[in-house]
Structure formats: structure tokens, C-alpha cells
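To keep things clear, I will list the structure first and then write my remarks on it.
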Amino acid sequence: MDYNFRDIEKKWHQRWVEQKTYHVEEDKTKKKFYVLNMFPYPSGAGLHVGHPLGYIASDIYARYKRLQGFNVLNPMGYDAYGLPAEQYAIQTGQHPEITTVANINHYREQLDKIGFCFDWDREVRTCDPSYYHWTQWAFQLMFNSYYDTALNKAQPIQQLIAHLEQKGTEGLNAWATEELSFTADEWKQKDEKEKSELLMNYRIAYLGETMVNWCPELGTVLANDEVVEGVSIRGGYPVVQKKMRQWCLRVSAYSQRLLDGLETIDWTDSLKETQRNWIGRSEGAEVVFKVKDSDKQFTIFTTRADTMFGVTFMVLAPESELVNELTTPEQKAVVEAYVEETKKRTERERMIDKKVTGVFTGSYAINPFTGESNPIWVSDYVLAGYGTGAIMAVPAHDSRDYTFAKHFGLPIIPLIEGCDISEESYDAKEGIVCNSPRADVKPYIDFSLNGLTVKEAIAATKDYVEKHGIGHVKVNYRLRDAIFSRQRYWGEPFPVYYKNGVPQMIPTECLPLLLPEVDHFLPTATGEPPLGHAKKWAWDEEKKLVVDNSLIDNKTVFPIDLYTMPGFAGSSAYYLRYMDPKNDTCLVSKEADEYWQNVDLYVGGTEHATGHLIYSRFWNKFLYDYGYSVKEEPFQKLINQGMIQGRSNFVYRVKDTNTFVSLGLSKDYDVTPIHVDVNIVSNDVLDIEAFKNWRPEYQNAEFILEDGKYVCGFAVEKMSKSMFNVVNPDMVVEKYGADTLRLYEMFLGPVEQSKPWDTNGIDGCHRFLRKLWNIYFDKDGNLITEDAEPSKEELKSIHKLIKKVTTDIENFSYNTSVSAFMICLNELNQLKSHNKTVLETFAVLLAPFTPHLSEELWEALGHTTTVCDAQWPEYNESYLKEDMVKMMISFNGKARFPMEFAVDADSATIEKLALESEQTKKYLEGFTVVKVIVVPKRIVNIVLKK
RNA sequence: GCCCUGAUGGUGGAAUGGUAGACACGAGGGACUUAAAAUCCCUUGGCCAUAACGGCUGUGCGGGUUCGAGUCCCGCUCUGGGCACCA
């Protein structure tokens, strides 16, 4: 009887459900192990072959840990809020929840086919009120908190208010948007609205004015990665910069802790490096420059304090408030014109064409080290958002300053001995400092850096600056606060209402604030977000109820916030919720959190390196500060599964038209490539009718064909719903079975490596399972095992396998494990072995990889319990001893004579035997033994010299 | 530009500094079969040689360390990823 994977997999899937095989409870008698996958967004395209790669890898690990006796938590859920469902709702009027639930059900079906050991009783969905209750709760807690820079943790905002009431801003240790200074009396005189505004400067969740990527067509703000070359990825609509008042999270306050935490977790170096870059810590100094003939002064930030003597001009960011202050009346017109001009250009445009632009303000700053007057310019190469929005320009040692100086003919003073600055600046922080001060100039202060190395000079200057009160040492971070508002419908609503324009939190006991019903999912006619359509979206403060908008009287009934939270809100603390998913009194109970601690193994893609994986760490640290999470870092070990790449197809839209031109002719037009669903493309030829029906905006599309066909372009890239190149695993499961799919995805190559999806080779894995079946069963389906003690060869073969598989799983080298299984099976076949003990061990070893088949074999071998609770075998080193050692003799490192040498002993004995053997002696004559190298159980290498 | 990866047959990929190319796919040959499918066996980095044993060469390029380098060090080239007027 053949290996009937369909029946076997169906049978075991049912059995697992009936027996709740994968249900897990806290059990203090067992050690815990928490395995987690980044939960998927349930897209309409369904699960593709790339998703399971990580799930299978973690499933194998989870099963392996369970076999080792750990109490394993391996949950799964859905990141259910997202733009695609909303877009679909806009197009069809179908409520996103319906789409989402349908997609989730589809995902679940697909996941169930692959045989994962998820505990579905712990499923979470971010769009479920019982879940987003805690997302809203965390947001409110952040609103009611500030970051204390002395204690280095979040604290209740009440403490900050108490401080302001007593001492004003004096002695205040709080991370702030901008440094403010006022007294307790000034604070007390402010009205509620003013106080609220001031507190926004400190709250961890705050309302702030920020520049955003605004897409008018989509009526929403887009994240940077949703915008490419000034147009939205989805739809290709133009995106503009716009200043908006929105909710923000003070992630920047946690910069240092996010950086330090990286030292305590087991992630790849490259991922840690990516996060370090993103956080972008730079140590430098803030230095105060006085303005000439004025009592004004301003501060600049520099990491090159050593270059103080090379400053030849100053530059302000156009958005800087200093611009107005420092512009002289004569220059006012020019400067204002310039500032207006830069406003029109987006940040993107400014970066693309690196035109050197700028204007002189008319003012001069006095360099505190040279006493020289440096002209103050305005230029858009200086960013308002970083440092102080003002810089000192050292053209000799900064390439941007250099270009600017060359363009406007400003002086350049070299400060490093022997550096060549005739063509470009010398940016390296190496060399010996000179011209500091210059020999031809009378020293302004008693301070010299000449002769020091750059590093020494930086330290010396910082020291001087601190001592003389002209500045201080300062650390800057590039990490920006997260913008937390979205002008969308399908997301968590903010539990906030506005009382006379002052944001108020809806009482905690009234959470969750449910997402209201709307009849349109687009922005309103007045440009408000979709929640503006909600009829029942007002808060009755007395009744503590959501009521109809028409009841708003601004006395007891107030409007509710119209924004919703972004995708990362729901995914930031879901790992905590899995520990205690049904708790309706808190996010996670103390007991559950203390038992499960944090995630031991987290598996997911690198694409989340600067998004989810930063936000989640931030969110967890915040909860940790209040004791809601016992561990400061959420994910102890992280494995990045490589992306399974897909083969995408493109159509080429002629710019500003609805005409598409075939690949061969696209060179003659100005075109934008747009991804097209691979399912409506066959051999790179587009099905035009299917394309027209694909999206409403293409209904009336026109085509320029070649040879009567529309030929699409292609590329190998990430398999993703947004690239429309998704391949589903269902077909593979149907044809070969889940166990083959699991084995094959692991066999494809290292888990962490990206590779394009390719079904060549899947036969090999399937063949292996069939051969495996045939070693247990004869043609009639009868078990053919022998009860005898295993032979020496059998023991060697199986213990080799135990060792290999055990170490491979620990190292996530699943591909070589699969090879080891194949080798061992071949050996057993050669030995014509049907030994029961050996076959039992084989089935257990294979259980993490091919659970259905292993269960079937385990049962056939007479076991009544599930193979999941078998004991992971230990290997015995003594069976693995090689009994042949290879020996090599090298003469002056030139010749080598390989020979075999029978031995079963330790290194010292091998060495002795090797030197005394008859075989060797004839070679030793006339030579001195330089050294003998014994590679245990493998090679003896005798090095000889004349 | 900066940071991080990686580079091995026709392909995916194996190799704690110790016989490079495991394992699998593909290809070629053979067995079984009326035939096909399935299955099994053999060959398969390149070059040379052969009745046969075998020999040379070979892990992106150039150096170095070592008895011994795909692996370690230095300098390049290219691939992929991240960041990017961040002072």
C-alpha cells in the first residue's frame, strides 16, 4: 500500500482538533518556551508560499521543544486592520469587517492544511473589541505619562503637573518636544486649554504639528514606505507634504534604551545594525554663537567640535524660527522669497535635485574660538528637524558645506595637516590638527588644538566648551517620534473626545470605544476623515455613553476624535495578549506574564526592522516601566526568515494617461511601471479583458500592443500582495501533501536566506517520504518491523542522525537536517533494516518536520499517545566513533601521502600508533618530525623536515 | 556616500582551518515494460589520460598567514538589503 498522505493528513488533523493536542496552559511544573510568528495581515490574496516558510520553521522548533519536555506556547492570530480591506470597502461598499473575516477564514483553512501546532484557543484579532480595548488602554496610559529623564522611565503625568505647580520648569527632568522655561506662577495663570497645550510638550502620546505625506486622492496620510518617487505605491497618486496636527508617540524618549537593549538580545548583527542606524545616535556638542551687533544668540549642534577654527559661515534651516529673527531689513525680501520657494518643494524634491541654493540673512555670528564674524545664510540643505536647525559650516571638512562654499565663493580653511581640499572636502576623522588657531592670526582665546589628533581635539574642545559656558556636550538621536494618527476608517478609534478643543480621555471603565458604523469609507466632503460620516460619534460626559452627533451641545456632549490608529498600534503588544487572551480585566494577568515572561523565539521578516520591531520594543519598554510587562525586551531571540521571492509582472502606463504600452514599445514613451496580478498574465502576455475588470480605474484603459499582444515586463522580487505575484500553497498541499510541503520549504535552503519560489525539486522530498513509508510497511500495508536489538551499523546510523538533527534544529539549519534524514534512510535501506527501535526513533526525529506522517507511523508502531509527547532521543557518542583514521605525511609541506589507519582511541594514542606503525617508519628516515597534528577521529597529519 | 550581507557545478545548496561539491533537482546511459507512468541501477565541476590504475586544475579577483585556506587577515570587483543633505 502506498503512502496515502491525503487520508493520513485528514485523519490527524481531525484527531488533533478532537483531542485538543495543541492546547496549552500555564504549568509551573514545566519550563516554558514561547515561540512566536509575526502574525499575518489576512489579505484577500490568501496565504502565499512565502508565509509558511517562517511558520514551518518555528513550528519545527516548537514541536522539538515540546518533545524535549518544555511547555510550549505557540499561538497565532491576525493583524486584521489594514488599508487593503478599506480600499476594497471604498470600491465595493462592502464593510471591511466582512472582507476581513472572510479573509481570516480563508487563512485559517489554508493554515490548518499545513499542520501547525498552534493553540487556536489563544487566537487574537487586532480588530476585535476585546483586543483593541487594550490598544486603546495603552494609548491612554501613554497620554497620561511623561518620560522622566532622571529616572529613565515613564511616569504618571500627574507628577509632572505637580512639579510644574510647585517649581515651574525649574529642575524638571522630562523628555520634551522643545525646551520650555516658565515659573510655577506662570503655569498657574494659564487656562485649561493653554495648560493642555503645554502638557503636549511632555506627554508620551501627544498631539503635535507634523509634516506628513498627504495623498489627496486617497484622502489619507501615508507612511514613507508607502510613497515612492512622489506617488503612492497603491494607485500611483501624487503625494504632497502637509503640516497636520496629529497624535504622536514619543518614541524618541526611549532612544537610548532602545539602543542599549540591543546588547541584551539575540538578534542578527545586521538587524541590530539596521536599528542602530535608525536610532542614529550621534555624540557632539551644542555651541552658542552670539550674533554680531546684537544681544541675540543661537545654538548649533556639531559632531566635529574639533573644527571650530575652520568655520567660515553659518547656515539656518529655512523652517527655523531663527530665520525671521536674524534677517536684516535689507535682506528681508530675498530671504522671505527663498523660504516661500522651499516651502513649495517637498522634502523629496529637495533631495532628488541637489541644486545648491541659499541666501544671506544679512547677519553675522561671532565664532567664540576665533572672534571672527561669520555670515549667516539660509539654505534648505540644513534640516529643521535635526539638532537645532542651525549649523556652523566647515567647508574644508564637510562635503555639503564644501559644495555650498564653492557655489557661493565662501572661504575654505583646511584644518588637517597635509589634507588636499582642492577638489573635495576631507571628511575623515583622521589626521593631525593644524590652523587651530592659524599662525597668521592673533589668537582670540588662549586655546590651541594644533598637533592633536582629531579625536583628541574633539574631546579637548568639548571640554573647553563646557568649562567656559559656551555650550555643552550633547547626544542627538535621529529616531523621530511616531506619527500615530491615520485618516482612515478601518483601525482602532482614539478613545478621545474634545471639550472646547481640549482633548479628554474617555474613562478607562468605558473602554473599548467601539468603531462606529459609517455609510461611506472615503473622507467627507469637508475633508474630514471617514469617521466624520459616523452619525453616532459624540460622547456624553454625564451618561458616559457614545451618543448621536446631533446631541452635541459642547456642555455635556462632545465630539469624538475622528482619526484612527495606524497598523503598528495593534501589533505592538500582541505577544503579551497571547499569554492571557481572554482576560477582560487587564491586558495580561500578572501570573500569566510572570510565567511566560517574553518571547524566546520570534520568527518574521526583516522588513519590519525599522517599523514593528522598533515600535514593539518601545511599547513593551513603556509597559515595563509601569510593571505591566516583566521583561524589558519583548523578543529574546529573533530569526529572520528569508523572503520567498516571486516573479512579478508589470504593465507600463504612459504618464498622466490611462494608456498602457507593451514592454517592447515602452522605451518610446514616458511610462510608469505598475505591478499587475500574475494571475491575469500568462507567459508574460496580459489578459486585457481580465485587466480591465481587475480594477475600476482600468475599466476604460487603452492599450498599445505589439504583434497584437500586450507583453508585460517581469522581475524577481518579494512575493507580496502589493506586487501581485502571490503563489498559494494549497496546490502544493493538494498534489503532494502538507508534510512534503513542510519538508520541501525547509529543504529549499537556509531559513534566513531569500530565494525565488521554484517547485523543481519538490519531487525529491515527496519521494523520500514514499521511500520512508516503504521501510515501515510492505505492499499490503502490513507493518514489517523487527523487534531485535539494533545492530552496530543501525545504531551508528541512527545516532548520527539524532546528533545531526538535534544540532541542526538548535541552529535552524533545517535544510541539512532534511539531507541527513535522506542519508540515514538510504543507509537503513542498504542494511535492509526494519528494526523497530530504530524506526521508532526515526519517527520521533521526523515528527517536528512531518507531523502527520510521524503520528501515523507512531500509531502503527503500537503507541496510543500522540507522537508530540514522545521523548526526544539523546545520542550516544560511543556509537559514532569512526574506526578509520586517515593519515597524511607532509615533507617540508610539499608531498602528502594519504593512507588509512585503523584505530579506536584518543588523540594521544592515535599519535603514538601513527608514529610507530610500520607504514610510517619508512617515511620517517632521514627526516625530523616537526609536528604531529591529530584531528580527532578524522586525520593524522605528520609534518616532516630534512 | 555610509552601514550590513553574500559570491562554491547546469540549478537549489553541503563543508568545527583538515579528502571541496554532502543531499536534492536537472541531464545522460541502462534495467523492468508491448508502450507509457512509476520504480531501481550507473555516470555527472573542468581538463587530460585509459585496457586499467590515474594525473592536473578548481570555491568572484590579487596578495598574505599556515604543514594545510571555500573558511582567517589585507586590498579590490560585483550581488542583495538598510540608511541617506542627520552637521
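Excluded from the calculations below are hydrogen atoms, water molecules and symmetry mates; all remaining heavy atoms, backbone and side chain alike, are included. Naming convention: chains lettered A, B, ... in sequence-line order (proteins, then strands); numbering from 1 in each chain.
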With sequence neighbours excluded, residues passing side chain to side chain donor-acceptor pair (under 3.5 Å) with A:Tyr776 | none

Expressed as a whole number of Å, how far does the C1' atom of B:G17 sit from that of B:C85?
-> 46 Å

Separation of atom CZ in A:Phe821 from atom C1' in B:A14, rounded to whole Å = 17 Å

Kindly write out the residues that satisfy side chain to side chain donor-acceptor pair (under 3.5 Å) with A:Asn476, not counting sequence neighbours, or none if the list is empty.
-> none

Taking only residues two or more places apart in sequence, or in another chain, which ones meet A:Arg6 in a salt bridge (charged side-chain N to carboxylate O under 4.0 Å, His left out)?
-> A:Glu734

Span that lies between the C1' atom of B:G9 and that of B:U59, in whole angstrom = 10 Å

For atom OH of A:Tyr386 and atom P of B:C83, their distance in whole Å = 17 Å

A:Arg617: side chain to side chain donor-acceptor pair (under 3.5 Å) partners, not counting sequence neighbours | A:Gln275, A:Glu633

Is A:Asp427 touching bases, backbone alone, or none of the nucleic acid, heavy atoms closer than 4.0 Å?
-> nothing

Interatomic distance at C1', B:C74 relative to B:G82, whole Å = 26 Å

Taking the side chain as C-beta and beyond, is there a heavy-atom pair between A:Asp380 and A:Thr357 under 4.5 Å?
-> yes

Span that lies between the C1' atom of B:G58 and that of B:A7, in whole angstrom | 16 Å

Tell me, please, which residues at least two apart from A:His834 pass ring-ring contact (aromatic ring centres under 6.0 Å, His included).
-> none

Residue list, side chain to side chain donor-acceptor pair (under 3.5 Å) with A:Glu827, at least two apart or on another chain = A:Ser797, A:Lys800

Does A:Pro750 or A:Met392 map to a spot on RNA chain B nearer the 5' end, using the closest nucleotide for each?
-> A:Pro750

Does A:Asn815 have a side-chain nitrogen or oxygen under 4.0 Å from the phosphate oxygens OP1 or OP2 of B:A14?
-> yes

Regarding A:Asp808 and A:Ser817, is there a side-chain donor-to-acceptor distance under 3.5 Å anywhere?
-> yes

A:Arg250-A:Thr177 side chain donor-acceptor pair, cut-off 3.5 Å = yes

With A:Phe768 via ring-ring contact (aromatic ring centres under 6.0 Å, His included) - residues at least two apart | none

ring-ring contact (aromatic ring centres under 6.0 Å, His included) against A:Phe747, all qualifying residues, sequence neighbours excluded | none

Would you write out the dot-bracket form of RNA chain B, 5' to 3', with Watson-Crick and G-U pairs under 3.5 Å, [ ] for crossing pairs, | for pairs to other strands and . for unpaired bases?
-> ((((.((..(((.....[....)))((((((.......))))))((((.....))))..(((((..]....))))))).))))....

Quick one: A:Leu259 CG to B:C83 C1', roughly how many Å, whole number?
-> 15 Å

How long is the line joining NE2 of A:His407 and C1' of B:C85, in whole Å?
-> 15 Å

Tell me: CG of A:Asp306 to C1' of B:A87, nearest whole Å?
-> 12 Å

Contact class for A:Ser282 vs. all strands (heavy atom < 4.0 Å): base, sugar-phosphate, or nothing?
-> sugar-phosphate

Pull out every protein N or O sitting under 3.5 Å from an N or O of nucleotides 10-12 of chain B, one pair per line with the distance.
unit_1 : atom_1 : unit_2   : atom_2 : d
B:G12  : O2'    : A:Leu748 : O      : 2.6

Anti or syn - B:G9, cut at 90° from 0 | syn

Which word best sums up how the rings of A:Phe404 and A:Phe408 line up, parallel for under 30°, tilted for 30 to 60°, or perpendicular for over 60°?
-> tilted

Set out, line by line, the N/O atom pairs under 3.5 Å between protein and nucleotides 37-40 of chain B.
unit_1 : atom_1 : unit_2   : atom_2 : d
B:U39  : OP1    : A:Arg770 : NH2    : 2.5

Looking at A:Phe5 versus A:His766, is the centre-to-centre ring distance below 6.0 Å?
-> yes

In whole angstrom, what separates A:Ile823's CD1 from B:A14's P?
-> 13 Å

Which value, in whole Å, describes the distance between the P atoms of nucleotides B:G64 and B:G68?
-> 12 Å

Span that lies between the P atom of B:G13 and that of B:G28, in whole angstrom = 24 Å

P atom, B:C53 versus B:A14: distance in rounded Å?
-> 33 Å

CG of A:Asp808 versus C1' of B:C23: gap in Å, rounded?
-> 12 Å

With 3.5 Å as the limit, what N/O pairs link the protein to nucleotides 2-9 of chain B?
unit_1 : atom_1 : unit_2   : atom_2 : d
B:C3   : O2'    : A:Glu273 : OE2    : 3.3

Atom CG of A:Asp380 and atom C1' of B:A87 are separated, to the nearest Å, by 15 Å

Determine the interplanar angle of the A:His612 and A:Phe635 rings, folded into 0 to 90°, and report it as parallel if under 30°, tilted if 30 to 60°, perpendicular if over 60°.
-> tilted

Considering only the C1' atoms, how many Å lie between B:A20 and B:C4, rounded to the nearest integer?
-> 28 Å

Indicate whether the side chain of A:Ser252 and that of A:Trp175 have a donor and an acceptor atom separated by less than 3.5 Å.
-> yes

